[in-house]
A.B. asks: 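Provided herewith is a single structure, encoded as structure tokens, for subsequent inquiry.
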There are 2 protein chains.
Amino acid sequence: MSTATRRDRGERALDTAFLEGTLGFTIRICQLKVFDDFIDRLARRDLRPAEFSILCLIADNPGCRASRLAEYLWIKQPNFVPLVAGLEQRKLVLRRRSETDRRFHDLFLTALGRRVVAKAKIVVADQEQYLTDRLGRKKRDELLEALRTVARLDLRADR
Amino acid sequence: MSTATRRDRGERALDTAFLEGTLGFTIRICQLKVFDDFIDRLARRDLRPAEFSILCLIADNPGCRASRLAEYLWIKQPNFVPLVAGLEQRKLVLRRRSETDRRFHDLFLTALGRRVVAKAKIVVADQEQYLTDRLGRKKRDELLEALRTVARLDLRADR
DNA sequence: TATTGTTATACTCTATAACTATA
DNA sequence: TATAGTTATAGAGTATAACAATA
């Protein structure tokens with residue numbers, strides 16, 4: 001958009017009261033904005049949000065199973081395969097057949113993977129700090145807690 | 001997933017503390033869950049979330065311009081065209097060339113469009129009520145207010 | 001020359017069915 | 001028979017460039 005806002009050009013503001021009065025729409029806009037910024041920050045490290053979240057989970061859960069991660073991240077198994085395969089090709093992740101049950105893939109980070117995730121976490125911390133600065137520590141913590149409450153709900157199943 | 005949880009089968013729980021300690025990831029999971037439920041609820045009316053939001057905005061802003069809506073909804077103009085064209089074909093929306101500037105398309109709801117959006121709003125209200133019941137009115141209102149604060153930020157531009 | 005809407009098109013993300021190998 | 005991972009593939013959603021009409 002040009003530097004002059006629509007308001008500057010004398011246009012009437014949109015009445016957005018209904019949508020902005022709903023949690024659903026507002027969560028959606030927040031997610032778009034936060035991810036837009038996040039994707040841009042992470043691009044320098046050649047990581048997508050999904051890849052970053054996978055690396056984080058393997059870092060804190062060495063030897064975890066692929067299907068377990070996919071389920072938690074709401075990524076369908078067939079879509080999860082090329083994600084992990086890509087990370088393995090880049091020497092960030094190691095896949096190993098479980099010895100107790102050879103159907104499973106146990107996942108580990110390589111030394112390089114640990115370095116990459118450590119640096120990427122700094123990028124995330126920067127964004128989180130930016131948000132905390134704008135909201136204030138107390139409101140930020142309350143926001144996170146409320147969101148975690150929503151995240152734990154099983155909306156479709158509860159109906 | 002089967003009825004027995006992973007915990008029941010004796011699997012160790014994932015350590016997800018890092019990701020769940022970030023606003024970015026938690027907002028993302030909330031958005032996925034809320035939209036999954038929302039899409040399912042709206043499916044009976046053959047409406048997608050984007051279509052619903054467009055109808056809502058036209059309802060409260062008759063005669064508004066297509067480009068104005070697309071910008072607000074974070075939908076790129078080329079992707080907005082088939083959305084509105086579809087709504088017009090279904091006789092929910094009316095596109096009219098502006099008389100003052102024939103480049104613009106002014107958007108209106110048809111009588112049918114008004115009926116459809118009114119019914120869809122009930123579906124949304126149900127979901128919002130469900131969330132309010134779980135969170136409590138006060139926490140729900142605080143959550144919405146905090147989200148609106150985040151939604152107003154211009155994260156990328158502010159860096 | 002700039003802007004709105006449009007077309008064409010490519011890329012990413014997501015979804016489903018069917019296969020394999022293991023159990 | 002059931003499960004983890006895989007392959008193939010189709011469908012959304014999203015992105016950019018270029019064009020026509022209009023200003």
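Every chain is numbered from 1 and lettered A, B, ... according to where its sequence line falls, protein lines coming before strand lines. Every heavy atom of this structure was used, including side-chain atoms; hydrogens, water molecules and symmetry mates were not. The shown structure was predicted, so the numbers you read here are calculated from the model rather than taken from an experiment.
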A.B. asks: Return yes if the base of D:dA15 and the side-chain atoms of B:Asn79 contain a donor-acceptor N/O pair under 3.5 Å, otherwise no.
C.D. replies: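 When only heavy-atom distances are counted, B:Asn79 does reach the base of D:dA15 through a donor-acceptor pair under 3.5 Å.
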A.B. asks: Relative to the 5' end of DNA chain C, which residue comes earlier, A:Arg48 or A:Glu99, by the nucleotide with the nearest heavy atom?
C.D. replies: A:Arg48
A.B. asks: Taking 4.0 Å as the cut-off, does a side-chain nitrogen or oxygen of B:Arg96 come that near to OP1 or OP2 on C:dG5?
C.D. replies: no
A.B. asks: With no hydrogens and no angle check, is any side-chain donor or acceptor of A:Glu51 less than 3.5 Å from a backbone partner on A:Arg48?
C.D. replies: yes
A.B. asks: Let me know the distance between CZ of B:Arg65 and C1' of D:dA23, rounded to the nearest Å.
C.D. replies: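 So the two atoms are 12 Å apart, to the nearest Å.
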A.B. asks: Quick check on DNA chain C: between B:Asp36 and B:Phe104, whose nearest nucleotide comes earlier from the 5' end?
C.D. replies: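 Comparing both residues, the 5'-ward one is B:Phe104.
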A.B. asks: Is the number of heavy atoms from other residues, nucleotides or ligands within 6.0 Å of CZ (A:Arg96) greater than 12?
C.D. replies: no
A.B. asks: Can you tell me which nucleotide in D:dA4, D:dT6, D:dA15 comes closest to the side chain of B:Lys76?
C.D. replies: D:dA15
A.B. asks: Find out whether the Lys NZ or Arg CZ of B:Arg97 is both under 6.0 angstrom from the six-membered ring centre of B:Phe104 and within 45° of the ring's axis.
C.D. replies: no
A.B. asks: Nearest-Å distance, CZ (A:Arg103) to P (C:dT22)?
C.D. replies: 11 Å
A.B. asks: Any salt bridge between B:Glu145 and B:Arg152, counting N to O under 4.0 Å?
C.D. replies: yes
A.B. asks: Quick one, B:Leu57 with B:Cys64, criterion side chain to side chain contact (heavy atoms under 4.5 Å, CB included). Give me CA distance, side-chain angles, the key distance, then yes/no.
C.D. replies: CA-CA 9 Å; B:Leu57 287 171; B:Cys64 63; 5.7 Å; no
A.B. asks: Classify the nucleic acid contact of B:Arg28 as base, sugar-phosphate or nothing, counting any heavy atom under 4.0 Å across all strands shown.
C.D. replies: sugar-phosphate
A.B. asks: Let me know the distance between CG of B:Leu107 and P of C:dG5, rounded to the nearest Å.
C.D. replies: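 Distance, rounded to whole Å: 8 Å.
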A.B. asks: In this structure, how many angstroms lie between the C1' atom of C:dT14 and the CG atom of A:Leu73, rounded?
C.D. replies: 14 Å
A.B. asks: Which nucleotide sits closest to the side chain of B:Arg102: C:dG5, C:dA8, D:dT22?
C.D. replies: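 Side chain of B:Arg102 sits closest to D:dT22.
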A.B. asks: Whole Å only: how far is the NE2 atom of A:His105 from the P atom of D:dT6?
C.D. replies: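 Distance check: A:His105 NE2 to D:dT6 P gives 5 Å.
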A.B. asks: Using whole Å, report how far CH2 of B:Trp74 lies from P of D:dT14.
C.D. replies: 11 Å
A.B. asks: Take atom CZ of A:Arg68 and atom P of D:dT3, then tell me their distance rounded to the nearest Å.
C.D. replies: 16 Å
A.B. asks: Picking from C:dA15, D:dG5, C:dT4, which would you name as closest to the side chain of B:Gln77?
C.D. replies: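 Of all the options, the side chain of B:Gln77 is nearest to C:dT4.
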A.B. asks: Let me know the distance between CZ of B:Arg97 and P of C:dT3, rounded to the nearest Å.
C.D. replies: 17 Å
A.B. asks: Determine the contact category for B:Ala66: base if any of its heavy atoms lies under 4.0 Å from a base atom, sugar-phosphate if only primed atoms, P, OP1 or OP2 are that close, otherwise nothing.
C.D. replies: sugar-phosphate
